[in-house]
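Here, residue 1 is the first one in the sequence, and each next residue gets the next number.
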Amino acid sequence: MTDARPLGANEATFIAAVRSGDTARFARFTERHRRELQVHCYRMLANYEDAQDMTQETFLRAWNKRESFKGHAALRTWLYRIATNACLDFLAKRKDRTPVTAELPGAGSEVRYLQPYPDRMLPEDPQESAVARETVELAFIVAVQHLPPRQRAVFILRDVEGWPASKAAEALDLTVASVTSALQRARVTMREQLPDRRLDWRSPAAHELSNDERVVVKSYIEAHERNDLGGLMSLLRDDLRFAMLPEAGTSVSTAKEAVDGWVANGLFQPGYDDWRGITTTVNRTPAAVLYLRSPDDPEHRLFAIAVLHIVDGKIAELTGFDASDKPWLDLPPTL
């Protein structure tokens, strides 16, 4: 892979590290790209644990292929090529990494392997962080999963990362014509999946939680802590969309039906009625992290994350994730 650019000092120093066989120096150069590579793998795979694994696989492949790096491409470009192909190899082996038809009529499909992405793990570089904001939102990640793997890679490299067609073609061992065709098909699918969203991913809209969003998340947590079912019900829209991953099934229900269903399944009953919570954001979306204390436990333990899509001061969509025994969330395991 080549870029129309002279050999940079960064690449020259990296080549020197490769030739010396200095693993510590090699790691210092590659590790600085970990966060952005992990976000890239997450866009491809929609699963935080898989993204972590493929990022590690990228570094292992980079070390094994280190002699192939000649500095004709930027180090970042070289690593992205390796990461993309590692993800494609992973997807080729896994038959359970595509959306499945939803059980709810008219709900389309579900991505049952979806996992949340902690905002604190987004890239620290301002430009990369800005691009990451919109392209790790759950709606975007789910939409991307409807693309076949190679279309997915083309779309992410071209429309998210902003690579020219020739560079994407070389990375994926395709012709420029094939990349152009794949991108056109991918854009059609993305417009179908996100009909109300702009597709200019390289100029992302900044999103900070509004006061209304903060108030709703705080109230949602406090309703749990007080076992205030009426207060919880008042926060939900009467056309609430609810899913608890990785369980199958998205439901649409009234606020009362939703709360009654949770109670019927044991929540807010003895043993499931001592809650604590903290406010956070995942996938650039407000979320409540819920901790539960069982009667014989002195501590509240990480239980679930509720990702909340809030419209006009009400929760319109609630996507729950089992958070027990999930240290990768980088959240305190107990409160």
Ring-face cation of R293 near Y291 (centre distance under 6.0 Å, axis angle within 45°): no
Atom pairs and distances, donor-acceptor, side-chain atoms in residues 256-266, under 3.5 Å, two or more places apart:
residue : atom : partner : partner atom : Å
K256    : NZ   : D260    : OD2          : 2.7
E257    : OE1  : T254    : N            : 3.0
E257    : OE1  : T254    : OG1          : 3.4
N265    : ND2  : G261    : O            : 3.2

Those residues that, when tested against D212, pass salt bridge (Lys or Arg N to Asp or Glu O under 4.0 Å) (two or more places apart): none
Set of salt bridge (Lys or Arg N to Asp or Glu O under 4.0 Å) partners for D296, sequence neighbours left out: none
Contacts of T180 that satisfy side-chain hydrogen bond (donor to acceptor under 3.5 Å, both in side chains) - sequence neighbours left out: none
Stacked cation flag R32 on F29, 6.0 angstrom / 45 deg: yes
Partner residues of R28 under the side-chain hydrogen bond (donor to acceptor under 3.5 Å, both in side chains) criterion, sequence neighbours left out: none
Residues in side-chain hydrogen bond (donor to acceptor under 3.5 Å, both in side chains) contact with Q193, at least two apart in sequence or another chain: none
Step-by-step side-chain contact (heavy atoms from CB on, under 4.5 Å) determination, F242 to V252: CA-CA 6 Å; F242 170 71; V252 175; over 6 Å; no
For N85, all residues meeting side-chain hydrogen bond (donor to acceptor under 3.5 Å, both in side chains), sequence neighbours excluded: none
Residues forming a salt bridge (Lys or Arg N to Asp or Glu O under 4.0 Å) with D273, sequence neighbours excluded: none
D238: partners by salt bridge (Lys or Arg N to Asp or Glu O under 4.0 Å), with sequence neighbours left out: none
Side-chain donor-acceptor distances from residues 299-317 under 3.5 Å, at least two apart:
residue : atom : partner : partner atom : Å
H300    : NE2  : D274    : OD1          : 2.8
R301    : NE   : D297    : OD2          : 2.5
K314    : NZ   : S234    : O            : 2.5

For T98, all residues meeting side-chain contact (heavy atoms from CB on, under 4.5 Å), sequence neighbours excluded: none
Partner residues of Y42 under the ring pair (Phe, Tyr, Trp, His ring centres under 6.0 Å) criterion, sequence neighbours left out: Y117
